[in-house]
Amino acid sequence: MTQVRVRFAPSPTGFLHIGGVRTALFNWLFARQQKGVFILRIEDTDQSRSIDESIQAIIAGMKWVGLDWDEGPYRQTERIDLYRSHALQLLEKGRAYWCVCKAEELDARRKEAEARGLSPKYDGRCRDRGLTNHAGAVALRFKAPQEGETVIDDLIKGKIVFDNNVQDDLIILRSNGYPTYNFSVVVDDALMNITHVVRGDDHLTNTPRQVPIFQALGFPVPQFGHLPMILGSDKSRLSKRHGATSIMAYKDMGYLPDAMLNYLVRLGWSHGDQEIFTRQELIEQFSWKKVQSSAAVFNPEKLLWVNAEYIKVSPPSQVAQALLPLLETVGLRDEVQAVSAGWLAQLVVLVKERAKTLVEMVDWVRPYFGQAVTCDEEAAEKFLTPAIAPILGKLLTRFEAFPAFSKQQWEEAFKQLVDEEGVKMGQLAQPVRVALTGRTASPGLFDVMEVLGRDRTLFRLRQGIERASRA
RNA sequence: GUCCCCAUCGUCUAGCCUGGCCUAGGACAUUGCCCUUUCAAGGCAGUAACACGGGUUCAAAUCCCGUUGGGGACACCA
């Protein structure tokens, strides 16, 4: 058995998008499962579009989601000689020819053909000219087979047959000496011994163009697998108008990388009714047979749910770690440094059921930093009233009598007071909640007190009473 | 225009390959109820789908053909 070698080959145009991550993920999963090699290759042969920042963005994105590669990143611009020598090889074999047609002419002819309702295929006028010398800027074309058919057995879609007579003699070397995509991929995939080419559905029709090149060059043809596309809510190709498509945008919105991956893998792959998977489970269970062959609509709501699940079940210390930088950006740097990692994890446990993203969590967690609390005005007006002040005072006295905080004791004392005063639970609980957290919604009161600690609880209660008496 | 891919609840999907267990299962969303000191979380229940038309067969969501619909590709972009 030869070792599995797969690659993820994005072109550096902008950032790493969601579709790219999913393609990378499937490749990565397969590589890890098969104890194979996962390669990162940057397809940057188009000089006018490639920028270094994009490459950095791709790497940063891959690192964030934790898809590690074993080889690369290779850059095609560093391998230009390889493409040229192989292109010339094809010329020598009579499988390629120089084409002197100008780009503008080609463009005009294509437009004309389209207007007449014909195929915009290259008419092959230089095919048999036998130009041996390329004086000036000319391009090299591949002599694509025009008879028979090219059959691929796709890992996901099964057997697909293409008629060769619809294939174009595509340009493999541009007049500027740079290779075109369809040629450089073949050379790279062959030279890098890629065993399985797994990419987006949009490359499906590139396959019958590439297969004959593998053959002409004398390379074995790898297996192909074409992943269905991700669509937006209107079923058109996912793009910016459907919302964020950059993977890093999701980091900023407070998503956990594992949640992203879990959502993305389920978008087009399934294992019975299971929704949540550990990475290990994914690696073990992954199978091409279970990959969907139809396109999937990206659903942000389900992603949100998956993220919430991960926030709930991930180790609190790990969630706290991811939360840290976000806390600092909202101006809690000093406060965060003043507390222990253990307490932070405790805080995460306190609010994890109500935060669907880390960004939401930041908001939930805010009231627990600092000695005093900033009160929501509306909440204070409604609940910190003169009428409740005396009862709050009694509660304070009873709490103060305890030398230390005990959830059970304090709760008992609280309930007893409610009984004695003949008020409803909520009548006392809400004012206390506002006093302690400044808000009308919070986790359970005694859980809040536990995180706050005895001193701060009493301090905030006193402040609340003061405010209530003043009102 | 040509070529290719695809088709189960609003969405992601199970089932399809190896027809009968499917009065089509799960999840998200949604609705109602329960729990409850608030907000969540959780529990229970409900609404909701085999695109259409022909075959094949005792039997079709499952196999075949067609139609329709959706998507993708047809660059000296990747």
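Every chain is numbered from 1, with letters handed out A, B, ... down the list of sequences.
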Measure from CZ on A/Arg209 to C1' on B/A75 and round the result to the nearest Å. 10 Å
Nucleotide by nucleotide, nucleotides 32-48 of chain B touches protein heavy atoms under 4.0 Å in the pattern (B base, S sugar-phosphate only, - none) -----BBBBSS------
Under 3.5 Å for both donor-acceptor distances, Watson-Crick or wobble: does B/A51 have a partner, and if so which one? B/U67
Rounding to the closest angstrom, what is the interatomic distance between B/A29 and B/C21 at atom C1'? 31 Å
Sugar-phosphate, base or nothing in reach of A/Asn182, heavy atoms under 4.0 Å: base
Assign each of A/Leu204 and A/Met229 to its nearest nucleotide of RNA chain B by heavy atoms, then name whichever residue's nucleotide is nearer the 5' end. A/Leu204
Nucleotide forming a Watson-Crick or wobble pair with B/G42, both distances under 3.5 Å: B/C34
Could you tell me the separation between the NZ atom of A/Lys157 and the P atom of B/A73, rounded to a whole number of Å? 13 Å
Using a distance-only criterion (donor-acceptor N/O pair, under 3.5 Å, no hydrogens), is the base of B/C76 paired with the side chain of A/Ser175? yes
When we call it a touch if two heavy atoms are under 4.0 Å apart, what does A/Arg237 touch: a base, just sugar-phosphate, or nothing? sugar-phosphate
Contact class for A/His203 vs. all strands (heavy atom < 4.0 Å): base, sugar-phosphate, or nothing? base
Mate of B/U2 across any strand shown (Watson-Crick or G-U wobble, both atom pairs under 3.5 Å) is B/A73
Touch check for A/Ile171, heavy atoms < 4.0 angstrom, all strands: base, sugar-phosphate only, or nothing? base
Kindly say whether, by distance alone, the side chain of A/Asn206 makes a donor-acceptor pair under 3.5 Å with the base of B/A78? yes
Strictly under 4.0 angstrom, non-hydrogen atoms only: write out the protein contact profile of nucleotides 10-18 of chain B, one letter per nucleotide from the 5' end, B, S or -. -SBSSS-B-
So A/Val161, base contact, sugar-phosphate only, or nothing? Heavy-atom distance under 4.0 Å. sugar-phosphate
When both distances are under 3.5 Å in a Watson-Crick or G-U wobble arrangement, the nucleotide paired with B/U23 is none
